[in-house]
Novice: 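Please find one structure pasted underneath; my questions will follow.
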Amino acid sequence: MIPALQIENLCKVYADGFAALKGISLQVEQGDFFALLGPNGAGKSTTIGIICSLVAKTQGSLSVFGVNIDEDFPAAKKFIGVVPQEFNFNQFEKGIDIVVNQAGYYGLPRELAKERAEKYLKALGLWDKREIPSRMLSGGMKRRLMIARALVHEPRLLILDEPTAGVDIEMRRSMWDFLKKINAAGTTIILTTHYLEEAEALCRNIAIINHGEIVENTSVRALLSQLHREVFIFDSSNALPQDVVIAGFAVQRIDDHTLEVAVEKGQHINEVFAALNTLGVQVASMRNKANRLEEMFVNLVEGGA
Amino acid sequence: MSLAEQYIAFMTIVRKEIKRYLRIWTQTLLPSAITMSLYFVIFGTLIGSRIGEMGGFSYMQFVVPGLIMMAIVTNSYSNVVSSFFGSKFNNSVEELLVSPVPNYVILMGYVTGGVTRGLFVAIVVTLVSLFFTELHIHSYLVVVVIVLMTSVLFALAGFINAVYANSFDDISIVPTFVLTPLIYLGGVFYSMDLLPEFWANVSRLNPLVYVVNAFRYGMLGVSDVSLTVSFAMIAFFTVVAFSYSMHLLNTGKRLRQ
């Protein structure tokens, strides 16, 4: 099957000489939910800028659903919908006009554009706000408006650059559900995010970019399996004994009701539960100390793992 | 994009532009009507009545074509420069840049938006002028063609200004320090016959002289310069401005990184 996105040896050197991308190669399969991660300035937004033509590449090739951008960029652009990091619409225009106009730029007849705008503004909970100037919308609503705008021509590849930045938790969860539905319906999604929990919850495959180079490109599952050590936090409903010792595990008592236990690869967490049971500890809840992907990410960009 | 899709994209840009200047009509349409009314009162009625005839017409009749053309030039220019720079400033230009719309459609869309505003204001100013004088039309063909060519030329010039502008100050520098002086010295208020030969020849370097005189010919049948030369000059500058605008869009200068 033709990949949704194929990037080969992509380089970008800005006018001031800064090499933002140093020959990255990447392939995103059709139907994938793909995460592009990296610290600030790593080259994520430059990559996305090149894909959607806001940044001119210095070297390399890029194809979208088999269409090379050097041969027919307009055809490639029809496949792409992009949700940028910064708000990039006229804040004096109404939401409905922004979405309908965007459909017009893709050549959709006016009636169809209006139908699509209604469909996506309703799906994203903005239909009641369609007639007010977009500057009056909340930050979360503005982000959803940009998603509706990106979807109005029903692209096969949706690119989201930090879509949930500054969005409250409830809104973020509802956006996740929406994106999962879009992906399940067949739209390939590429996501950049700083919320690694978001990438772990949504994405199947992942590329980590650092200093303009891809340092990891694999499935989220394969990446997480590389973790050698995870730290869990146990909350107890009764008071913990003063000395908690579990053979084979590094244990740290945080306070009377909180315990940190490090579990090495190959060890089983059941052993921890059994030991705590023996000590009379009533475990009320358990969670990862840090997001698992976050640990991997830090390891990779710091050159540890 | 097919031609039908390009037409839809073009009409989308034009509709958006018209909606924009109608939404802020107190900033875009009303000022010209008020300014021109003042010109008619002061230069036409109060001062003009003491000047007597110019070019075989009353002074009021003589200045009306120039004042209408002044409104067309400034409004066509201002619409494109402020709208396109605004879209650069708030990054909404990216809506167009990420879409498959060909560059020439983007340019034609903005230019047509500017032309419609120029025509809209021209009609308003013409209607206002009817309160002060009778309307003469010597050649409808010349009037229509010169109005369209002029508004296209200055809309293109506004586009170039917008691409280069980095701040709102930059979009007012050219209209204030270049366009307005050229209009005032372009024969709106006087016949070049009144100038000494040297200054009359210097005036011929001013492109607004050709615009104003060609339009005056269309309305009154008199002109200080040849009509053919006027059309040729306007056509030449339009081709240059269009080519340069396309060059800016195709290279992405100041639009893409």
Side-chain angles (χ1 to χ4, degrees), chain A residues 12 14-16 18 20 45-46 48-58 67 72-94 97-113 133-135 146 149-150 152-153 155 159, chain B residues 1-28 82-110 112-113 162 248-257:
Chain A
K12 174 63 187 177
Y14 284 102
D16 61 4
F18 174 66
S45 293
T46 298
I48 288 175
I50 293 172
I51 297 169
C52 61
S53 91
L54 294 175
V55 177
K57 65 184 169 66
T58 307
V67 179
D72 193 351
F73 212 157
K77 284 177 175 180
K78 279 191 174 184
F79 291 128
I80 304 170
V82 64
V83 181
Q85 206 175 117
E86 306 289 338
F87 300 131
N88 69 341
F89 48 82
N90 183 342
Q91 306 224 4
F92 292 98
E93 284 183 13
K94 298 171 188 170
D97 291 337
I98 289 168
V99 179
V100 169
N101 285 342
Q102 191 68 18
Y105 301 152
Y106 284 82
L108 268 65
R110 194 112 182 120
E111 283 311 307
L112 179 59
S134 52
R135 68 177 183 280
M146 293 203 295
R149 184 185 62 180
V152 74
H153 63 289
I159 301 171
Chain B
M1 270 188 126
S2 67
L3 278 177
E5 289 172 328
Q6 290 182 25
Y7 177 71
I8 290 170
F10 167 75
M11 286 308 296
T12 302
I13 300 170
V14 174
R15 196 181 291 114
K16 182 170 76 89
E17 285 301 289
I18 293 173
K19 211 168 178 176
R20 187 193 75 85
Y21 68 69
L22 290 180
R23 186 177 62 226
I24 49 171
W25 63 277
T26 51
Q27 298 169 43
T28 52
S82 58
S83 177
F84 196 75
F85 176 72
S87 72
K88 264 178 58 180
F89 187 77
N90 61 30
N91 291 327
S92 64
V93 70
E94 291 177 4
E95 292 176 337
L96 281 164
L97 299 179
V98 302
S99 76
V101 188
N103 288 334
Y104 80 91
V105 173
I106 295 176
L107 182 60
M108 282 172 53
Y110 272 95
T112 305
L248 291 174
L249 277 169
N250 289 336
T251 54
K253 193 177 176 76
R254 294 181 180 245
L255 295 173
R256 301 177 204 267
Q257 291 177 302

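Atoms considered below: every heavy atom in the structure, side chains included; atoms not considered: hydrogens, waters and symmetry mates. Letters A, B, ... mirror the listed sequences (proteins, then strands); counts begin at 1.
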Novice: CD/A/E93 to OG/B/S92 distance, rounded to the nearest 0.5 angstrom?
Specialist: 7.0 Å
Novice: Out of B/G86, B/A9, B/P102, return the one with the most heavy atom pairs under 4.5 angstrom to chain A.
Specialist: B/A9
Novice: Quick check for you: to the nearest 0.5 Å, what is the distance between B/E95 atom CD and A/M146 atom CE?
Specialist: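 Reported value, rounded in 0.5 Å steps: 10.0 Å.
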Novice: Return the minimal non-hydrogen interatomic distance between B/M1 and A/G107, and the atom names on each side.
Specialist: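 Result for this residue pair: CE-N, 3.5 Å.
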Novice: Answer with side chain, backbone, both or neither: which region of A/D97 has an atom nearer than 4.5 Å to a non-hydrogen atom of chain B?
Specialist: side chain
Novice: Please identify, among B/V101, B/V98, B/N90, the residue contributing the most non-hydrogen atom pairs under 4.5 Å to chain A.
Specialist: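 Maximum pair count with chain A is reached by B/V98.
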Novice: With chain B as the partner, which of A/L54, A/V55, A/I98 has the greatest number of non-hydrogen pairs under 4.5 Å?
Specialist: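 Most pairs with chain B among the choices: A/L54.
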Novice: Any idea which of B/I13, B/I24, B/I106, B/L96 has the most non-hydrogen atom pairs under 4.5 angstrom with chain A?
Specialist: B/L96
Novice: Are any of the side-chain heavy atoms of A/F73 and B/P100 separated by less than 4.5 Å?
Specialist: no
Novice: Report which part of A/L108 has an atom under 4.5 Å of a heavy atom belonging to chain B: side chain, backbone, both, or neither.
Specialist: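 Just its backbone gets close to chain B.
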Novice: Among A/H153, A/R149, A/R110, A/E86, which residue has the highest count of heavy-atom pairs closer than 4.5 Å to chain B?
Specialist: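 The candidate making the most pairs under 4.5 Å is A/R110.
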Novice: Go through the steps for A/Q102 and B/S99 under the test side chain to side chain donor-acceptor pair (under 3.5 Å), then give the verdict.
Specialist: CA-CA 8 Å; A/Q102 191 68 18; B/S99 76; 5.5 Å; no
Novice: Between B/R23 and chain A, which part of the residue has a heavy atom less than 4.5 Å away: side chain, backbone, both or neither?
Specialist: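 Side chain only.
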Novice: Mind checking whether B/F89 and B/F85 have parallel, tilted or perpendicular rings, split at 30° and 60°?
Specialist: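 The rings of B/F89 and B/F85 sit tilted, inter-plane angle from 30° to 60°.
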